[in-house]
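Below is one structure, written out as structure tokens, with a few remarks after it.
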Amino acid sequence: MNCEKYQDLLSDFIDGSLASQDHHSIEAHLSACGVCAEVRGDLDAIVTYCHEHRGEYDAVPNERALWLRISNLIEAGDLELATDLRTEIPQNAGWWFRLMNRSWQMSLPQLAASMIAVAIIVSVATMIGLRRFGSGGESAGLRSSGVTTVAANGLPLAERYRQQQQTIDYWNQRVELNKARWNPQMRETFERNLNVIDAAVNDSLSHLNQNPHDEVSEEVLNAALNDKVELLREFAEL
Amino acid sequence: MAESETETPRTSDYELAQRAAEGDRTAFEELYQRHNRRVYSLCLRMTQNVTEAEDLAQEVFIQLFRKIGSFRGESAFTTWLHRLTVNQVLMHFRKRGVRLEQTTEEGEVPVQIVKGTENPNAMPVVDRIALDKAIGQLPPGYRSVFTLHDIEGHEHEEIARMLGVSVGTSKSQLHKARMKLRGLLRQQNKPK
Ligand SMILES: [Zn+2]
């Protein structure tokens, strides 16, 4: 055998999976050939390093944020399941699930009002989630601090609307890319969610057309658009 | 650890899995806390891309949540989760059209057999950063076999099953991966 053939067998040699005859023949060659011995030493160093460091793991860049993504998606999945099976809302269901699920049983005016709550809680959850999530997060105090977050950006309505539309366009593109993979239930759930939100958007827009200073409609519009972003974002990841 | 004797024993993964299957979110979160690094690391090693690894880890835990009721505790939970993770990564590769059985990538320099007295860049002491960088330069097929065998400690038979290749292919890919890593590590050590 030449060096090439010996080197081909070096991994099996190191892993101890050669028949004893081959094993001895390589051993003999290695004691005589410096080149092959060096290759063996290098491969050994790589394998040994890996072996010694087995069980050492990299940390997720942001463990908490990843958990939030996961739990949001799980809850979105619950929603899908629940609207599918028309089951009752389980007691321990999350906020997103409860709110979105409840909204299907509401008339549009009720829905418009609840949209504010949905969007506020969405933003509150996102905001406090990065610090700490899971303690309920729906107290009156948090809700009011949410109001300031939503309204405090102080942008004129038209500018805010434009920015929201840009965000929606972005997520919409991502949704379109993934849509083909969805099953019929997912598609149906998505369309139904979207129709309700769009109805709220159109409703508040037509109110604003009649009365440009209607602050309630302004807030409903803002909330519905935020909610649309949230919906698209959730489904873009499915 | 001596102090563990006085503490209440840690809830087993199996118990947590059972509770999670019954809808206990806290139990599921505990499983995430315990295992997210392991899952993420494997995804990161196989893809060499932080964003892809995070997305895959996310998908693994979603799958875990959906399937957790089917975990019967016959195998270790970690083994089961590990299998789920590998499947997820391989599915991801296939969706992207990565062919794992391919032995060379277009334009890739084939593994060179070392002959006589060629340019002797010394092999550096292997360290994590250098090795990760080198692994990142391997084609996905080589990288998968190397990760599963040398880093994760699987046997060729298991790897062959998971990747859908023959044992012979798994063995030869591992050898080529190691040889290529050796070359890359030496290259990194080239004096400038
Ligand atoms: Zn030789």
Side-chain angles (χ1 to χ4, degrees), chain A residues 2-15 17 34-36 38-78 81 90-94 133-134 181 237-238, chain B residues 23-26 28-29 32-33 36-42 44-45 50-51 53-55 57-62 64-66 95 111 113-118 120 123-128 131-132 134 146-147 149-153 156 171-172 174-179 181-183 185-186:
Chain A
N2 55 19
C3 287
E4 191 172 328
K5 293 267 184 265
Y6 280 117
Q7 284 175 27
D8 274 347
L9 294 174
L10 275 177
S11 278
D12 286 335
F13 175 80
I14 289 168
D15 297 337
S17 57
V35 176
C36 288
E38 196 182 15
V39 177
R40 180 257 173 109
D42 289 354
L43 296 189
D44 238 355
I46 293 170
V47 174
T48 307
Y49 178 88
C50 291
H51 194 90
E52 283 171 355
H53 293 263
R54 209 166 273 166
E56 286 176 11
Y57 304 119
D58 295 290
V60 178
N62 188 337
E63 210 174 87
R64 197 70 210 155
L66 182 59
W67 170 248
L68 282 177
R69 270 165 67 181
I70 291 165
S71 61
N72 276 355
L73 283 168
I74 287 173
E75 291 186 4
D78 275 358
L81 203 70
Q91 288 225 306
N92 57 351
F133 184 60
R181 291 208 308 262
E237 293 178 20
L238 295 179
Chain B
D24 182 342
R25 285 290 160 80
T26 328
F28 188 70
E29 189 173 354
Y32 170 81
Q33 295 297 345
N36 73 69
R37 285 167 175 241
R38 201 185 146 99
V39 168
Y40 171 76
S41 288
L42 178 57
L44 183 63
R45 281 159 185 174
V50 173
T51 315
E54 270 196 301
D55 286 352
Q58 168 191 305
E59 198 47 43
V60 168
F61 279 98
I62 302 282
L64 176 67
F65 183 78
R66 288 190 186 136
K95 264 190 233 157
V111 173
I113 298 301
V114 185
K115 289 182 204 136
T117 50
E118 61 170 25
M123 174 83 169
V125 175
V126 181
D127 68 53
R128 186 57 197 274
L131 188 64
D132 274 346
F146 180 80
T147 303
H149 190 280
D150 283 356
I151 298 181
E152 298 285 332
H156 283 295
K171 282 188 173 183
S172 86
L174 176 67
H175 179 63
K176 286 173 183 160
R178 287 175 179 170
M179 289 294 275
L181 284 176
R182 169 183 188 265
L185 287 168
R186 284 185 165 242

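A, B, ... follow the sequence lines: proteins, then strands. Residue 1 opens every chain. Note that the structure is predicted; figures quoted are calculated from it, not measured.
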Exercise. Identify which of B/Glu152, B/His156, B/Glu59 forms the greatest number of heavy-atom pairs closer than 4.5 Å to chain A.
Key: B/Glu152
Practice problem: Identify which part of B/Val50 has an atom lying under 4.5 Å from any heavy atom of chain A, answering side chain, backbone, both or neither. | Solution: side chain
Practice problem: For the pair A/Arg40 (side chain) and A/Ile14 (backbone), establish whether a donor and an acceptor sit closer than 3.5 Å, ignoring hydrogens and angles. | Solution: no
Quiz prompt | Straight-line distance of B/Phe146 CZ to B/Arg178 CZ, nearest 0.5 Å | solution = 7.0 Å
Quiz item: Which answer fits B/Phe28, side chain, backbone, both or neither, if we ask what part of it has an atom under 4.5 Å from a heavy atom of chain A?
Solution: both
Quiz item: Is it the side chain or the backbone of B/Leu44 that comes within 4.5 Å of chain A heavy atoms, both, or neither?
Solution: side chain
Quiz prompt | Between CG on residue A/Asp8 and NZ on residue B/Lys171, distance to nearest 0.5 Å | solution = 13.5 Å
Quiz item: So how far is it from B/Met179 CE to B/Leu174 CG, rounded to the nearest 0.5 Å?
Solution: 12.0 Å
Quiz item: Can you find a side-chain donor-acceptor pair between A/Ser17 and A/Asp15 that sits under 3.5 Å?
Solution: no
Self-check item: Pick from B/Arg45, B/His149, B/Arg37 with the largest number of heavy-atom pairs that fall under 4.5 Å of chain A
Solution: B/Arg37
Exercise. Would you mind checking which part of B/Leu181 comes under 4.5 Å of any heavy atom in chain A, side chain (CB onward), backbone (N, CA, C, O), both or neither?
Key: both
Quiz item: Of the backbone (N, CA, C, O) and the side chain (C-beta and beyond), which part of B/Arg128 lies under 4.5 Å from a heavy atom of chain A, both, or neither?
Solution: both
Quiz item: Are B/Tyr40 and A/Tyr57 close enough that their ring centres sit under 6.0 Å apart?
Solution: no
